[in-house]
Protein chains: 2
Amino acid sequence: MDTLENRELRYFVAVAEELHFGRAAERLGMAQPPLSRAIQQLERRLGVCLLERNRRGVRLTGAGEVLLHEGRAALDATAAAARRTRRAGGVDSPAGPRGRLVLAVKAAASHELLRKLLDAYAAEPDSAEIEVLPGGICEQEEQLRDGRADVALMYTPWNSLAGFDSEALTTEGQVAVLPAGHPLAARDTLSLAEVRDIPDLPLARWPTHGTYAPGPGPEIHNQTQLAQLIALGRTVAVVPDSARSWLWAEHTAVPLTDAPPVVTHIAWPAHSRSLALAGLIRTAARL
Amino acid sequence: MDTLENRELRYFVAVAEELHFGRAAERLGMAQPPLSRAIQQLERRLGVCLLERNRRGVRLTGAGEVLLHEGRAALDATAAAARRTRRAGGVDSPAGPRGRLVLAVKAAASHELLRKLLDAYAAEPDSAEIEVLPGGICEQEEQLRDGRADVALMYTPWNSLAGFDSEALTTEGQVAVLPAGHPLAARDTLSLAEVRDIPDLPLARWPTHGTYAPGPGPEIHNQTQLAQLIALGRTVAVVPDSARSWLWAEHTAVPLTDAPPVVTHIAWPAHSRSLALAGLIRTAARL
DNA sequence: GCCCTGTCATACCTGCCAGGTATCACCGCG
DNA sequence: CGCGGTGATACCTGGCAGGTATGACAGGGC
């Protein structure tokens with residue numbers, strides 16, 4: 001029972017995602033027959049049936065589902081190993097733990113906290129260079145997992161902190177953002193139920209891991225688009241308090257009484273040993 | 001930049017652990033020259049110097065240290081993928097998420113809680129078969145990481161829950177276990193400082209991840225040995241309250257006032273999606 | 001019923017690369 | 001100054017990853 005190779009995992013993940021040998025082979029830049037054979041070998045090696053081949057297409061078995069999840073995690077881990085090793089060995093001294101840190105943040109987030117953190121950390125002695133990697137709404141988890149980032153700012157309840165170490169930094173409430181002229185904009189507070197049921201003003205939908213939940217509201221891709229749609233009276237959004245900083249004159253923010261609080265965390269891979277990272281975390285915890 | 005292969009990681013980890021190409025090659029069951037070449041290729045591929053070759057032996061560079069840690073994690077992840085896939089596809093129905101769950105526990109732990117958990121879970125409808133995997137003091141984390149186990153009972157502050165999801169089950173205090181005749185055995189309570197400084201009765205040392213902290217006390221390998229050494233008046237130990245169940249007549253347990261409480265957690269890999277596991281966790285949380 | 005199309009599997013070949021053996025270059029040491 | 005022990009180099013070879021051609025089989029249009 002020799003350990004399964006990374007190449008086989010890549011192949012299987014491609015097939016499992018495409019559910020089609022031909023397309024998977026194309027995506028992998030190879031011909032279909034060797035791919036078929038490789039998957040068969042993998043199944044024989046594991047002694048497990050991974051795919052159910054119906055004449056028309058392919059379906060995953062239970063074991064296949066498991067391997068898809070675990071295999072993705074394993075591929076992320078090796079990608080992370082490669083990226084972090086490259087980063088550690090870049091141009092700095094061969095043995096020193098000093099280096100660049102990559103900090104993943106939500107591009108849409110207010111940069112008030114980020115600014116404070118970066119300034120405070122830069123003032124520390126022996127601080128490393130911080131590269132800020134702005135990403136989409138839920139991209140931080142992935143970037144942390146596959147090594148594109150060393151540390152991230154994440155926001156519960158949107159991000160999941162599962163699998164990472166983390167430290168809570170700030171908590172804030174949420175507000176509903178309405179068109180300024182809307183009747184409800186005059187209210188002092190609103191409840192989530194009220195916001196969800198405004199006639200002709202459906203709640204905007206944010207992507208979660210690249211996909212949108214079904215619903216009547218428009219699909220939001222970025223903050224400018226959202227601002228525009230609200231100003232036009234086409235939608236209403238629920239955003240954290242700090243988002244008030246980018247509101248327009250055409251917007252009105254009304255505090256929500258029962259929305260879950262948004263907690264900003266600093267998160268990092270669970271077993272990190274970098275001194276630079278430890279320094280950044282310490283700085284963040286003191287803010 | 002093609003992704004690095006698993007085989008190369010195994011090779012590098014072996015060399016990094018042995019710090020000697022010859023021994024590493026022997027451990028890998030291969031000749032030394034191909035190993036040398038593989039490591040050179042790896043370094044070229046990553047564009048990073050991993051090892052500092054002095055004429056006498058080898059030393060890790062900073063990047064090498066990073067790759068050793070991250071590479072181990074990646075290898076664990078692929079091993080876990082293989083093991084869990086095999087387990088999922090064993091003999092049960094191809095598509096059903098029903099299967100065996102492997103629960104890692106500390107062999108030395110009291111099985112009162114474990115018994116309750118197993119009984120309660122077995123009484124659930126649709127409960128899966130649970131295989132109990134008794135292990136050493138700190139082995140549970142590793143077993144969870146490399147897929148030998150699906151879920152584990154862990155104990156803070158000894159185990160680290162970093163990287164796992166977990167749920168606290170019970171909290172208990174700690175007691176000092178002394179030879180029955182010892183003068184301090186008559187006390188109602190003791191402090192950690194007092195226990196550490198008993199003349200001629202050094203504190204027993206447990207292994208942490210396979211190694212022992214330096215100190216005067218004896219190195220403990222299992223519970224029977226510890227009981228014996230205490231009964232003989234050669235050592236004193238600090239153990240959780242529930243350990244009273246295995247004490248002998250020659251032992252006396254004295255509650256400690258300032259020892260950190262021991263919390264028993266049920267822990268599992270952060271991204272698990274198994275229904276059987278979810279059921280077990282739900283059962284545990286209700287205990 | 002037919003053929004056509006789209007699916008994955010099989011058969012067979014070939015070039016590359018992982019790994020083996022033999023040897024070198026270098027250093028420390030008696 | 002040879003000797004033992006280190007990692008690196010040179011060269012060869014067999015297995016296997018990957019390609020091409022083709023088969024087996026099912027569904028759908030006519």
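Just so it is clear: chains get the letters A, B, ... in the order the sequence lines come, proteins before strands, and each one is counted from 1.
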Results of side-chain hydrogen bond (donor to acceptor under 3.5 Å, both in side chains) for [X] - residues two or more places apart only:
{"X": "A:Gln140", "value": "none"}
{"X": "B:His265", "value": "none"}
{"X": "A:Glu26", "value": "none"}

Using the salt bridge (charged side-chain N to carboxylate O under 4.0 Å, His left out) criterion, which residues pair with B:Asp146? Sequence neighbours excluded. B:Arg83, B:Arg148
Tell me the interatomic distance from [X], atom [atom1], to [N], atom [atom2], rounded to whole angstroms.
{"X": "B:Glu5", "N": "D:dA17", "atom1": "CD", "atom2": "C1'", "value": "12 Å"}
{"X": "A:Leu42", "N": "D:dC16", "atom1": "CG", "atom2": "P", "value": "16 Å"}
{"X": "B:Ile39", "N": "D:dA8", "atom1": "CD1", "atom2": "P", "value": "9 Å"}
{"X": "B:Gln41", "N": "D:dT9", "atom1": "CD", "atom2": "C1'", "value": "14 Å"}
{"X": "A:Arg37", "N": "D:dG15", "atom1": "CZ", "atom2": "P", "value": "15 Å"}
{"X": "A:Gln32", "N": "D:dT22", "atom1": "CD", "atom2": "C1'", "value": "12 Å"}

Heavy atoms of chain B, cut-off under 4.0 Å: which first and last nucleotide of DNA chain C, 5' to 3', fall inside that, if you could look? C:dA18 to C:dC27
Touch check for A:Gln40, heavy atoms < 4.0 angstrom, all strands: base, sugar-phosphate only, or nothing? sugar-phosphate
Step by step, work out the side chain to side chain contact (heavy atoms under 4.5 Å, CB included) result for B:His69 and A:His271. CA-CA 9 Å; B:His69 274 111; A:His271 43 70; 5.5 Å; no
Taking A:Arg53 first and then A:Glu43, would you say they form a salt bridge - that is, a charged N and a carboxylate O separated by under 4.0 Å? yes
More than 12 heavy atoms of other residues, nucleotides or ligands under 6.0 Å from CZ of A:Arg10: is that the case? yes
Can you tell me how far apart CG (A:Leu67) and CG (A:Leu4) are? Round to the nearest 0.5 Å. 7.0 Å
Under a 4.0 Å heavy-atom cutoff, the residues of residues 6-23 of chain A touching DNA chain D are A:Arg7, A:Tyr11
